[in-house]
Amino acid sequence: MIRIGLLGFGTVGSATYEILAEQEASLRDCLGQDITVEKILVRDLAKYETTAAYPLMTTDIAEIINDPSINVLIELTGSIEGIIEPLKQGLASGKHLITANKALLAKHMEELIALASRHNVGLRYEATVAGAIPIISNLEEIIALNQVNSLSGVLNGTCNYLLSRMEEGLDYAEALREAQDLGFSEADPSSDVEGYDTMYKLRILSTLAFKRPVLESEISCTGITGVTGAEIQEALAAGKRIKLVGQATLVDGKVTATVQPTLVDRCSTLGGLDGGENAVIVDTSNAGELIFSGLGAGGRPTAFAVLSDLIHLFARPMGS
Ligand code: HSE
């Protein structure tokens, strides 16, 4: 039986809980065993008194980490300092870990991967990059059969939404409010608009794709706060759009990586993205250019990625 400790019950946590309940029968069918959420970590119990999941909730993470019946942690808190040690304890005690926490993974990726491997448990992180797009699981397959030459993409739904709405004449503050209402933005949206969120994602993707640590400190990063309405309109008039693009290239064994506002043709893959959409383009040695696109942010798209990790951890082989 899969017994989940759900850490965090915000936009993605609550969507994950809902999809688990709604898709219970088909998930059980796919995984060949029952799935239950045993406990849920929240910051403020009082906020959830009227929700159905309230009896499962606790503010004490030790109750979850020390519960031997819980075999999977799903970490959706968005914090780093308060959570890293308990997560490490969880891995060391044999619990699988699924996380959507890109800032945490960007900081501790090598350490967590090594720890999971040492304790023979799974560490899955599909939801850390590009929302619903199954880029991590596809990259795992790609790198087994190819060298990745480069990857580039629009990796932040908030920025893409903002830039799209500003093309329609909305001012920056109003467009940001909308992105927050849609559940796209981080709790502190400066991580989105300053480019850090894209940088974390590029760090994670590049490290996987190029099979070597590509650290945040190696990525030059400029966000969209300096992009003006006039520049956006000027780009449109020239048949182009401004997108926040993350790009990493392998040349002579060295990875060069940047995050920056970039002019792209309207009719290109990245130029065609609207609202909260993301895309990742991967140039490979054998499979050529591969393009992945879809919704890059929001509760349900991200929860889908989280639960796809559960499938990767536990799915029965096809046909069994
Ligand atoms: N704030 C992020 C974004 C959420 O806007 O893309 C998904 O990672």
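Whatever order the structure lists them in is the order used to number ligands and atoms, beginning at 1.
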Touching ligand 1 at all, G131? Heavy atoms, strictly under 4.0 Å? no
Is there any N or O on K102 that sits under 3.5 Å from an N or O of ligand 1? yes
Going by distance only, is there an N or O of T158 that falls short of 3.5 Å from an N or O of ligand 1? yes
Check each atom of ligand 1 against the heavy atoms of F184 and keep those under 4.0 Å away; list them by number with element. 1 (N), 2 (C), 3 (C), 4 (C), 5 (O)
Give a yes or no on whether L270 and V259 share a hydrophobic cluster (residues Ile, Leu, Val, Met, Phe, Trp, Tyr; joining criterion: side-chain heavy atoms under 4.5 Å apart). no
Atoms of ligand 1, numbered as shown, that sit under 4.0 Å from any heavy atom of G157: 3 (C), 5 (O), 6 (O)
For K201, the ligand 1 atoms whose distance to one of its heavy atoms is below 4.0 Å: 2 (C), 3 (C), 6 (O), 7 (C), 8 (O)
E216 and K107 ion-paired at < 4.0 Å: no
Quick check on contacts: which atoms of ligand 1 are under 4.0 angstrom from a heavy atom of D192? 1 (N), 2 (C), 3 (C), 5 (O)
Proximal atoms of ligand 1 relative to G296 (non-hydrogen, under 4.0 Å): 6 (O), 7 (C)
Does one side chain, of S152 or Q247, offer a donor that lies under 3.5 Å from an acceptor on the other? no
Per-atom contacts, ligand 1 versus E186 - under 4.0 Å to a heavy atom: 1 (N), 2 (C), 4 (C)
Per side-chain contact (heavy atoms from CB on, under 4.5 Å), L7 is matched among I98, N101, T77, L97 by T77
Polar contact flag, side-chain donor to acceptor under 3.5 angstrom, D60-T58: no
With N71 via side-chain hydrogen bond (donor to acceptor under 3.5 Å, both in side chains) - residues at least two apart: none
Tested for side-chain contact (heavy atoms from CB on, under 4.5 Å) against E231, the lone hit among L263, I242, L236 is I242
Proximal atoms of ligand 1 relative to N156 (non-hydrogen, under 4.0 Å): 2 (C), 3 (C), 5 (O), 6 (O)
